[in-house]
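The structure appears below as structure tokens.
This one's a predicted model, so the numbers in the text were calculated from it and none came from an experiment. What's counted below: heavy atoms across the whole structure, side chains too, no hydrogens, waters or symmetry copies. When a ligand or atom number is given, it counts from 1 through the structure's own listing order.
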Amino acid sequence: MRAISYMRYGGPDVLHVEEVPRPTAKEDEVLVRVKAVEATKGDCEMRSFSYAVKWFWLPLRIALGVRRPRRQILGMYFSGEIVSTGAAVTRFSPGDAVFGTAGFRMGAYAEYLAVPQRNTIITRPRNMEHADAAAVPLGGLNALHFMRRAAIRPGERVLINGAGGSIGLHALQIAKAMGADVTVVDHTIKEAALLRLGADRFIDYTRSDFAAEGQRYDVVFDMVPRSSYSDCIRILNPGGRYLCGNPRLSVMIRSLFTSWLTDKSASFAFATESMEELETLKQMIEDGEIRSIVDKIYPMDEAAAAHRRVETEQRLGAVVISIGD
Ligand SMILES: NC(=O)c1ccc[n+]([C@@H]2O[C@H](COP(=O)([O-])OP(=O)(O)OC[C@H]3O[C@@H](n4cnc5c(N)ncnc54)[C@H](OP(=O)(O)O)[C@@H]3O)[C@@H](O)[C@H]2O)c1
């Protein structure tokens with residue numbers, strides 16, 4: 001089968017397409033014919049081994065491979081079709097259209113992927129094609145996790161910093177579905193699309209500082225690694241919640257003190273993934289409450305260009321690699 005692989009850490013050009021043996025499904029696994037996979041910021045970080053949050057470095061290097069990548073085929077979030085199932089598989093049959101996550105074993109940058117049936121994989125929403133479906137799990141699962149954690153009540157004021165990214169675009173739609181009044185912060189070029197998706201107000205981070213506008217919020221959801229922690233806490237109403245998707249060590253420590261010593265709370269988390277959460281997203285998609293925004297679809301041979309777009313260019317939504325012909 002054809003797969004996009006990389007043998008060493010480096011720039012996008014370390015990615016290349018090669019022939020590798022096709023996996024087979026073990027007893028509790030399904031074999032998926034992958035049709036589309038999201039190229040994520042996380043994939044780029046693993047490929048280049050460069051992380052904005054430095055405390056990640058050592059544990060991740062040990063986990064991913066000290067000298068060279070231990071797993072040479074990236075790709076966590078996919079859409080595809082079940083080709084065959086192991087003897088113990090009860091949840092799926094050949095021919096099922098599915099989407100979900102390959103987990104930290106990755107491997108979805110390839111024509112075939114063997115994954116345990118217990119992974120967060122479910123049947124695809126009936127109103128979505130493969131590219132749109134592949135764009136759901138990363139942004140959707142993370143956003144749903146954080147928006148539920150924020151326990152948003154109808155009418156509350158929510159600010160999403162970095163709302164034009166994979167996670168932010170879903171967070172905006174989920175917060176709106178929860179009845180929030182949502183202010184979004186991102187680059188100029190994303191204003192029209194974010195307002196179309198339901199944002200109540202847009203703040204352009206290239207022109208103004210959201211913390212200097214004198215507004216107060218019940219929830220601040222922060223996806224931007226280097227934003228000011230004090231500013232985010234200062235603009236919260238009493239009882240307000242700050243959620244950080246990409247915490248520095250100092251933010252993790254300060255969060256504990258904010259929650260102990262003030263009437264505000266701050267939390268950071270690495271979102272979990274569950275079948276129930278993906279089913280909730282599927283239902284919201286089928287009910288028309290949320291939709292995917294795909295920036296661009298690349299063929300397998302242009303995986304390096306896909307990574308370049310994720311890393312260096314202003315994009316709106318998910319970059320997807322179409323797998324196969
Ligand atoms: N906690 C978790 O479980 C978890 C899981 C997955 C990912 N993450 C982390 O969460 C972060 C967001 O992920 P993502 O996939 O949504 O990333 P993404 O798609 O790159 O989105 C980031 C967004 O923030 C915007 N941005 C950049 N600088 C900004 C600034 N100063 N102010 C406001 N907006 C700004 C970007 O716009 P531009 O186009 O202008 O750059 C982009 O629209 C990443 O750093 C990722 O590593 C956390």
Under 3.5 Å between some N or O of ligand 1 and some N or O of [X]?
| X | value |
| --- | --- |
| His187 | no |
| Ile167 | yes |
| Pro225 | no |

Is the shortest side-chain heavy-atom distance between Ile122 and Phe99 below 4.5 Å?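 Touching, per the 4.5 Å side-chain cut-off.
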With a 4.5 Å limit on heavy-atom distance, are the side chains of Arg2 and Glu19 in contact?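 In short, these two side chains touch, coming nearer than 4.5 Å.
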Would you tell me which option among [options] has the nearest heavy-atom contact to [atom]?
| atom | options | result |
| --- | --- | --- |
| atom 43 (O) of ligand 1 | Val184, Val185, Asp186, Asp222 | Asp186 |
| atom 44 (C) of ligand 1 | Val319, Asn246, Leu316 | Asn246 |
| atom 14 (P) of ligand 1 | Ser166, Gly317, Cys44 | Ser166 |
| atom 28 (N) of ligand 1 | Phe210, Tyr205, Phe268 | Tyr205 |
| atom 38 (P) of ligand 1 | Lys190, Glu45, Met76 | Lys190 |
| atom 18 (P) of ligand 1 | Glu38, Arg315, Glu273, Met223 | Arg315 |

Between Asp28 and Arg118 (salt bridge meaning N to carboxylate O under 4.0 Å), is one present in this structure?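 Yes, charged N to carboxylate O under 4.0 Å.
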Using a strict cut-off of less than 4.0 Å between a Lys/Arg side-chain nitrogen and an Asp/Glu carboxylate oxygen, indicate whether Glu191 and Arg207 qualify as a salt bridge.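 Answer for the salt bridge query: no.
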Give the numbers and elements of all ligand 1 atoms closer than 4.0 Å to a heavy atom of Val224.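 Counting atoms of ligand 1 from 1, those under 4.0 Å from Val224 are 29 (C), 30 (C), 31 (N), 32 (N), 33 (C), 34 (N), 35 (C).
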If you count the atoms of ligand 1 from 1 in the order shown, which ones are under 4.0 Å from a heavy atom of Asn161?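 Contacts of ligand 1 toward Asn161, numbered from 1: 32 (N), 33 (C).
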Is it the side chain, the backbone, both or neither of [X] that has a heavy atom closer than 4.0 Å to ligand 1?
| X | result |
| --- | --- |
| Lys41 | side chain |
| Phe146 | side chain |
| His145 | neither |

So which protein heavy atom does [atom] come closest to, and at what separation?
| atom | result |
| --- | --- |
| atom 24 (O) of ligand 1 | Gly162 CA, 3.3 Å |
| atom 5 (C) of ligand 1 | Asn142 OD1, 3.1 Å |
| atom 3 (O) of ligand 1 | Ala271 N, 2.8 Å |
| atom 48 (C) of ligand 1 | Gly245 O, 3.0 Å |
| atom 22 (C) of ligand 1 | Gly165 CA, 4.1 Å |

Within the 3.5 Å criterion, strictly below it, is a donor on [X] or [Y] matched to an acceptor on the partner's side chain?
| X | Y | answer |
| --- | --- | --- |
| Arg201 | Gln215 | no |
| Arg234 | Ser228 | no |
| Thr188 | Asp204 | yes |

So, does [X] use its side chain to make a donor-acceptor pair with the main chain of [Y] at under 3.5 Å?
| X | Y | result |
| --- | --- | --- |
| Ser259 | Ala266 | yes |
| Arg91 | Ile121 | yes |
| Thr40 | Gly42 | yes |

Tell me whether Arg33 forms a cation-pi arrangement with Tyr112, defined as NZ or CZ under 6.0 Å from the six-membered ring centre and within 45 degrees of its axis.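 Yes, cation above the ring, under 6.0 Å and within 45°.
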May I ask whether Arg226 places a heavy atom under 4.0 Å from ligand 1?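 Checking ligand 1 against Arg226, which is what was asked, there is no heavy-atom contact under 4.0 Å.
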Please verify whether a non-hydrogen atom of Gly42 lies at under 4.0 Å from ligand 1.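 Contact absent.
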Determine the sole option in Arg308, Arg8, Arg47 for which the salt bridge (charged side-chain N to carboxylate O under 4.0 Å, His left out) test with Asp13 is passed.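 It is Arg308, the one option of Arg308, Arg8, Arg47 that forms the salt bridge (charged side-chain N to carboxylate O under 4.0 Å, His left out) with Asp13.
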Are more than 12 heavy atoms from other residues, nucleotides or ligands located less than 6.0 Å from atom CD of Glu27?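 No, CD of Glu27 has 12 or fewer neighbouring heavy atoms, counting only those of other groups under 6.0 Å.
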